Amino acid sequence: MIVKALVTLMGLICVIIVSTISCALMQDIVDPVTKRRVKDNQARMYGMIGFVISAAIVFGLWHYLFK
C-alpha cells in the first residue's frame, strides 16, 4: 500500500514537472526590443515530445494502479 502511494506520488510529480516544461516550450519567443513573436519549431517539437512522455507516464500509472 505504501509503495503504491509512493509510486503514484512520484508519477504525478513527474507528470506535473514534464507538462509544465512542455507547456513553456510550446510558447512563442517574444523579442524584448521589437515586441515581435518568433516561432521556434524545434522547441515546439520538444514540447510535443514532452506531452507524449507525460501521457505515457499517466498511462503507466493507470495500468499500475488498476490492472
Side-chain angles (χ1 to χ4, degrees):
M1 182 70 182
I2 292 175
V3 174
K4 226 177 218 191
L6 287 175
V7 168
T8 304
L9 182 66
M10 290 302 294
L12 290 177
I13 289 172
C14 287
V15 166
I16 290 170
I17 290 172
V18 170
S19 296
T20 304
I21 292 172
S22 297
C23 188
L25 284 172
M26 296 288 288
Q27 303 297 321
D28 291 338
I29 300 170
V30 178
D31 186 13
V33 177
T34 60
K35 303 293 186 208
R36 288 188 318 169
R37 293 187 175 270
V38 178
K39 288 187 179 182
D40 187 4
N41 291 331
Q42 187 174 6
R44 285 185 187 252
M45 182 182 64
Y46 289 149
M48 290 302 292
I49 290 170
F51 281 134
V52 168
I53 289 171
S54 85
I57 292 171
V58 167
F59 179 73
L61 275 174
W62 181 269
H63 184 72
Y64 177 71
L65 290 174
F66 298 114
K67 298 277 177 164

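As the structure is a prediction and not an experimental result, all values here were calculated from the model.
Linking ILVMFWY residues whenever their side-chain heavy atoms come closer than 4.5 Å, directly or via other members, places I49 and V15 in the same cluster. Connection of I16 to I53 is not established within any shared hydrophobic cluster, with ILVMFWY side chains joined at heavy-atom distances below 4.5 Å, either directly or through further cluster members. In the hydrophobic cluster analysis, where Ile, Leu, Val, Met, Phe, Trp and Tyr join through side-chain heavy atoms closer than 4.5 angstrom, V58 is grouped together with L9. No continuous path of hydrophobic side-chain contacts links M10 to F66 [ILVMFWY only; heavy atoms under 4.5 Å]. Neither V52 nor M48 shares a network with the other; the hydrophobic side chains, linked directly or stepwise wherever heavy atoms of I, L, V, M, F, W or Y lie under 4.5 Å apart, form separate groups for each.
H63 and F59 have parallel rings, their planes meeting at less than 30° on a 0 to 90° scale where 60° marks the start of perpendicular.
Within the 4.5 Å cutoff, side-chain heavy atoms of Q42 are placed close to those of M45.
In this structure, the salt bridge (charged side-chain N to carboxylate O under 4.0 Å, His left out) partners of D28, at least two apart in sequence or on a different chain, are R44.
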message: Show, in sequence, the C-alpha distance, side-chain angles and deciding distance for L65 and V7, and conclude whether the side chain to side chain contact (heavy atoms under 4.5 Å, CB included) test is met.
response: CA-CA 10 Å; L65 290 174; V7 168; over 6 Å; no
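T8 OG1 to Y64 OH: the interatomic distance, rounded to the nearest 0.5 Å, is 7.0 Å.
Across all non-hydrogen atoms, the minimal contact from G11 to I57 is O-CG2, 3.8 Å. The minimum heavy-atom distance between F51 and S22, with the atom names listed, is N-OG, 3.6 Å.
Connectivity analysis of hydrophobic side chains (ILVMFWY, heavy atoms under 4.5 Å, direct or indirect) links L6 to I2.
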